[in-house]
J.: 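Input: one structure, supplied below.
We name chains A, B, ... by the order of the sequence lines, and we start the count at 1 in each one.
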Protein chains: 2
Amino acid sequence: MALSTAQRVAAALRARIESGDLPPGHRLSEEALGREHEVSRNTLREAFRLLIHDSLVVHLLNRGVFVRVLEPADVTDIYRMRAALETAGVRAAAHAPRTLHDAVSATVTEAERAAAAGEWQQVGSADLHFHRALAALAQSPRIDSAMDRLLAELRLAFHEMPSPRRFHEPFLARNRALAKMLESGEHARAEAELTTYLDDARELILGAMKEAHA
Amino acid sequence: MALSTAQRVAAALRARIESGDLPPGHRLSEEALGREHEVSRNTLREAFRLLIHDSLVVHLLNRGVFVRVLEPADVTDIYRMRAALETAGVRAAAHAPRTLHDAVSATVTEAERAAAAGEWQQVGSADLHFHRALAALAQSPRIDSAMDRLLAELRLAFHEMPSPRRFHEPFLARNRALAKMLESGEHARAEAELTTYLDDARELILGAMKEAHA
DNA sequence: TGTTGAGGATTGTTCAACAATATCCTAGCC
DNA sequence: GGCTAGGATATTGTTGAACAATCCTCAACA
């Protein structure tokens, strides 16, 4: 067993949350989930703690854990921190090894292939990979894991998106452009573009959220 | 019951770690500590989880929990992420409300007062507060809590510092200068100074660590 | 209509027993 | 002498249970 039981259960729950099987706001009953996944309450609670650390769920005393509901303020906040981490990556691009640059280009290609196939869900995943690769240019394990957590949170907001295509399509070309700027060493321009890019993306998500709740 | 047994034990362990009674790298035996603190292993494990969240200890599957030991690579990494977050704060300084700017100045004054009193331990705390205040200019709760965790980790490295005064004294004036640049709107200059500032601080810590291990 | 309180359901805490795993020690081999 | 295999031992992982504390529901009541 390479993974502990709690880690295994946490991974399963994470998948169920990200797939929408366990929707935002849903309460995770200890008794029900313990029965479904065939683990004791103690182990399940340990799994919950792992998810809490990823802030995929929130814990309310004596009330249990709930799948996180993303408020507009959360989206704004997440994009602020993303901007900080991805900017750090872009600024360190000059000192990053070739493998990390190649990884950035690879994610753009991945997104373009998925778009050509009409797999807009996959385009979304590739887009997240692209931004993770940008932050990875900073060569910092702590930045990497912080990015992973942020993007996992953000995935919760995507559930409210009506049309993945309408959201992701405009960014395909911008991702490619950004990757090209990094390749050619136009770091200052890349940094400026990244800022407006993230501002635009944030506004699109906030707009969609407002629509969904109206 | 205001505090659970686990919280009480966690506080006791935290004190023992910070006092050096439980040195970095030391394994926290469930059986031994359970006997000493007169709690069951399960309760002790709950206490461990609280310490893990503060990253005061690390958990290795089937091997137990160990008092965290900071490697030079960790210090380098922490400073990379600090640079990303504090730079984000400085760049957002123009849009930050007055109260946040006042908070920055207040921490500088706090440090100067402690230095005048010869309380170099307090100067160290004030310095951490200063950097937290810088990051806070970004107005992002997630950045704030990430900074808190980074600074808590860094505190472990301070244990290896032979002379708090020699480390902190040179930065008193630089903190004041940085605060002044922000007040007067010299954002670009503040950003540049912050970068070299953090590089210098990192090298000082790395040097002290190398000395301690030699 | 709003409030109060009993009760039932759920989580919080702790425990001790059993299973799974790592570590250490010894014997045998090169 | 140094090294590897494998079994004894020590330690952590997991479980189910018991009990306490808290929240929620819903009916009775002012």
J.: So which nucleotide from dT12(D), dG13(D), dT10(C) ends up closest to the side chain of Asn62(B)?
T.: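 That would be dG13(D).
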J.: Rounded to whole Å, please give me the gap between CG in Leu60(A) and C1' in dC24(D).
T.: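 In whole Å, dC24(D) C1' lies 14 Å from Leu60(A) CG.
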J.: Check whether any side-chain heavy atom of Arg8(A) lies under 4.5 Å from a side-chain heavy atom of Thr43(A), and answer yes or no.
T.: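 SC-SC contact between Arg8(A) and Thr43(A) ruled out.
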J.: On the nucleotide dG12(C), are OP1 or OP2 found under 4.0 Å from the side-chain N or O atoms that His59(A) carries?
T.: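 Yes, such a contact exists.
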J.: Could you give me the CA-CA distance, side-chain angles and deciding distance for Tyr79(A) and Asp199(A), then say whether side chain to side chain donor-acceptor pair (under 3.5 Å) is met?
T.: CA-CA 8 Å; Tyr79(A) 269 87; Asp199(A) 286 345; over 6 Å; no
J.: Using whole Å, report how far CZ of Phe66(B) lies from P of dT11(D).
T.: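 Computing the Phe66(B):CZ to dT11(D):P distance gives 12 Å.
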J.: In this structure, how many angstroms lie between the C1' atom of dA17(D) and the CD atom of Glu30(A), rounded?
T.: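 Computing the Glu30(A):CD to dA17(D):C1' distance gives 14 Å.
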J.: Reckon Arg63(B) has a side-chain N or O less than 4.0 Å from the OP1 or OP2 of dT23(C)?
T.: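 So the side-chain polar atoms of Arg63(B) do come within 4.0 Å of the phosphate oxygens OP1 or OP2 of dT23(C), strictly under.
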J.: Can Leu50(B) and His53(B) be said to form a side chain to side chain contact (heavy atoms under 4.5 Å, CB included), step by step?
T.: CA-CA 5 Å; Leu50(B) 299 173; His53(B) 187 256; 5.8 Å; no
J.: Measuring from atom CG of Asp102(A) to atom OG1 of Thr107(A), what distance do you get when rounded to the nearest 0.5 angstrom?
T.: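 The distance works out to 11.0 Å.
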J.: Using whole Å, what does the distance between atom C1' of nucleotide dG12(C) and atom CD of Gln7(B) come to?
T.: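 For the pair Gln7(B) CD and dG12(C) C1', the rounded distance is 11 Å.
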J.: Using atom CG of Leu61(B) as one end and atom C1' of dT11(D) as the other, report the distance to the nearest whole Å.
T.: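 Interatomic distance, CG of Leu61(B) to C1' of dT11(D): 12 Å.
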J.: Would you mind reading off the distance between Arg35(A) atom CZ and dT11(C) atom C1', rounded to a whole angstrom?
T.: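 It is 16 Å, rounded to the nearest whole Å.
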J.: Calculate the interatomic distance between Glu38(A) atom CD and dA19(C) atom P; express it in whole Å.
T.: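 That distance rounds to 18 Å.
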J.: Are any non-hydrogen side-chain atoms of Val65(B) and Leu51(B) less than 4.5 angstrom apart?
T.: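 Heavy-atom side-chain distance check fails, nothing below 4.5 Å.
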J.: Take atom CD of Glu31(B) and atom P of dA17(C), then tell me their distance rounded to the nearest Å.
T.: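 In whole Å, dA17(C) P lies 14 Å from Glu31(B) CD.
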J.: Do any of residues 39-56 of chain A sit with a heavy atom less than 4.0 Å from DNA chain D, and if so which?
T.: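 Heavy-atom contacts with DNA chain D come from Val39(A), Ser40(A), Arg41(A), Asn42(A), Thr43(A).
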J.: Heavy-atom distance under 4.5 Å between the side chains of Leu33(B) and Arg16(B), does that happen here?
T.: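 Answer yes - side chains close enough.
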J.: So Leu182(A) and Leu134(A), do their side chains get closer than 4.5 Å, heavy atoms only?
T.: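 Yes, close enough: below the 4.5 Å cut-off.
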